[in-house]
Asks: 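Supplied in structure tokens, the structure appears directly below.
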Amino acid sequence: MKAFGHRRATRMDESDALVELDIPIPVPGPRDVVVEIRAVSVNPVDTKLRSMDPPGDEPRVLGYDAVGTVVATGGQVRGFRAGDRVFYAGSAQRQGSDARFQAVDERLIARAPKTLSDPEAAALPLTALTAWELLFDRLGVRLGDMENPEAILIIGGAGGVGSILTQIARRLTGLTVIATASRPETTDWCREMGAHHVIDHRRPLDQELARIGLPQVRYVAGLTASGEHRDAIVRSLAPQGALALIDDPGEFDIMPFKRKSLSVHWEYMFARPMFETPDMAAQGKILGQVASLVEAGLLKTTLHEVLGPINIANLRRAHELLESGKGIGKAVLCGFE
């Protein structure tokens, strides 16, 4: 089958940064389903893994967001059958979704929202899982507590995770949602996603919060440039507040968080599938809840643009867009040529 990935660590300016592969159609393991891919999204994890050598001698197929149709199931699969339309992020320890067919553990998938097209659905899984885990599992915000008087600051509100985290916090909690952005188009996008306030992350965050009359917040979601904003985050958090971050600062000294008794959490969506934790099936359940919320009109897709069919040229464009830091929402590829 046709697939796309890389054979070695590369930069995007190298001709073999992404290559077309001809690999066998996967055979399902006992708890796997095999999905015929219809649409995929591209995430920062794709560019990070592309910059590292694949493990072993085999090329690595990238892609960790997909929607498609189940075509085969393993002997122990009970929740899905051939013909089901599903969406998922999968596992970074296995071959990805930039392929015609992919094998994925049934515990990590859910039926795709009926009200969304394939591109609209493919924009959601990885970022929705990350946002949900960050807010409810790491920060401990209570789902459905619409009387919560606290506020959350989302650094990088117009990105993929920020776009869906803003919606989840706004629609499923009582938190006041403050997103950061720096351009008119990203500011408008954050407001469209549901942010109560949008502040400029090119300026000190604590000063921006003071400007809107909310000098301190209970929660901060560090989605980008967490190291750069660390001191302002400490100043911005109320005593006994909490930071959850997803990015990879080169250094991040947490000692300044001690004086206020602040907690620091790292969210990594692939931790559950990577270690096959006892609660690994939570990811499929979360996606099922997300699908229901979409169908009920409480959440909406974060799709910003469809780049065309799944091919080398369009995957390169998607990787370059991510590495530029100027993307808004999610970019999706749909169908094979």
Side-chain angles (χ1 to χ4, degrees), residues 127-157 159 161-162 164-181 190 194-272 274-275 277-279 282-283 286:
T127 54
L129 285 167
T130 300
W132 192 284
E133 291 181 353
L134 182 151
L135 190 62
F136 301 122
D137 296 343
R138 310 298 165 241
L139 292 178
V141 176
R142 288 181 295 178
L143 173 63
D145 180 8
M146 304 309 294
E147 303 301 319
N148 193 327
E150 306 289 353
I152 183 170
L153 172 64
I154 300 173
I155 303 172
V161 176
I164 191 65
L165 177 56
T166 296
Q167 293 185 57
I168 291 171
R170 177 69 187 261
R171 300 297 182 188
L172 306 182
T173 78
L175 293 173
T176 296
V177 181
I178 307 156
T180 79
C190 289
H196 293 94
H197 306 277
V198 184
I199 63 175
D200 190 344
H201 50 229
R202 294 173 300 185
R203 299 173 181 170
L205 297 178
D206 54 321
Q207 294 180 20
E208 282 288 279
L209 287 171
R211 179 180 61 81
I212 63 171
L214 293 167
Q216 291 194 320
V217 297
R218 177 68 181 274
Y219 307 106
V220 172
L223 309 183
T224 184
S226 297
E228 175 186 335
H229 294 297
R230 189 204 61 176
D231 292 346
I233 290 171
V234 173
R235 294 191 297 267
S236 299
L237 278 168
Q240 303 182 87
L243 163 70
L245 60 161
I246 67 171
D247 58 339
D248 301 300
E251 294 182 356
F252 198 81
D253 182 3
I254 64 171
M255 282 303 298
F257 290 77
K258 179 179 179 179
R259 185 167 176 266
K260 286 184 174 180
S261 195
L262 304 172
S263 61
V264 179
H265 309 260
W266 234 284
E267 160 57 22
Y268 185 52
M269 187 229 79
F270 288 116
R272 279 171 162 145
M274 176 184 291
F275 297 101
T277 59
D279 66 346
Q283 294 207 331
I286 291 168

Asks: What closest approach, in Å, do L134 and R138 show between heavy atoms, and which atom pair accounts for it?
Replies: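 Smallest heavy-atom distance, with atoms named: O-CB, 3.4 Å.
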Asks: Heavy-atom distance under 4.5 Å between the side chains of I152 and L139, does that happen here?
Replies: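 Result yes, sub-4.5 Å side-chain heavy-atom pair found.
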Asks: To the nearest 0.5 Å, how far apart are CG in L175 and OG1 in T166?
Replies: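 Nearest 0.5 Å value for the CG-OG1 distance: 11.5 Å.
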Asks: Report the distance from atom CD1 of I178 to atom OG of S236, rounding to the nearest 0.5 Å.
Replies: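 Reported value, rounded in 0.5 Å steps: 9.0 Å.
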Asks: Of all the heavy-atom pairs spanning A169 and L135, show the shortest one and how long it is.
Replies: CA-CD2, 4.0 Å
Asks: Do you know the tightest heavy-atom contact between Q283 and M269?
Replies: NE2-O, 2.8 Å
Asks: Look at atom CZ of R211 and say whether more than 12 heavy atoms of other residues, nucleotides or ligands are closer to it than 6.0 Å.
Replies: yes
Asks: Could you grab the distance from atom CZ of F252 to atom CD1 of I233, nearest 0.5 Å is fine?
Replies: 5.5 Å
Asks: How far does CD1 of I154 sit from NE2 of H201, to the nearest 0.5 angstrom?
Replies: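 Rounded to the nearest 0.5 Å, the CD1-NE2 separation comes out at 13.5 Å.
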Asks: Any idea which heavy atoms bring I168 and A128 closest together, and the distance?
Replies: CD1-O, 4.3 Å
Asks: With the side chain counted from C-beta on, respond yes when V264 and L245 share a heavy-atom pair under 4.5 Å apart, and no when they do not.
Replies: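 Counting from C-beta outward, V264 and L245 do come under 4.5 Å.
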Asks: Main chain of D200, side chain of T180: is a donor-acceptor contact present, judged purely on distance under 3.5 Å?
Replies: no
Asks: Quick check: closest heavy atoms across K260 and L237, and the distance to 0.1 Å?
Replies: NZ-O, 2.7 Å
Asks: Could you check whether D247 and S226, counting side-chain N and O atoms only, form a donor-acceptor pair closer than 3.5 Å?
Replies: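 S226 vs D247: donor-acceptor pair found between side chains.
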Asks: Just wondering, more than 12 heavy atoms not from I212 lying within 6.0 Å of its CD1?
Replies: yes
Asks: Calculate, to the nearest 0.5 Å, the distance between atoms CZ and CD belonging to R203 and E208 respectively.
Replies: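 Going from CZ on R203 over to CD on E208, the span is 5.5 Å.
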Asks: Ignoring hydrogens, what is the shortest heavy-atom contact between W266 and I246? Give both atom names and the distance.
Replies: NE1-C, 4.3 Å
Asks: Flag the pair T127 / V161 as yes when at least one side-chain heavy-atom distance between them is below 4.5 Å, and no otherwise.
Replies: yes
Asks: Identify, with sequence neighbours excluded, every residue that meets side-chain contact (heavy atoms from CB on, under 4.5 Å) alongside H196.
Replies: R170, T176, V177
Asks: Decide if atom CE of M146 counts as having more than 12 heavy atoms of other residues, nucleotides or ligands within a radius under 6.0 Å.
Replies: yes
Asks: If we only count heavy atoms from C-beta on, is the I286 to E133 side-chain gap below 4.5 Å?
Replies: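 SC-SC contact between I286 and E133 confirmed.
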Asks: Can you tell me how far apart OG1 (T130) and CZ (F270) are? Round to the nearest 0.5 Å.
Replies: 7.5 Å
Asks: Within the structure provided, determine whether Q216 and P239 are in side-chain contact (heavy-atom separation under 4.5 Å).
Replies: yes
Asks: Would you check if F257 and R230 make a side-chain contact, meaning some heavy-atom pair closer than 4.5 Å?
Replies: yes
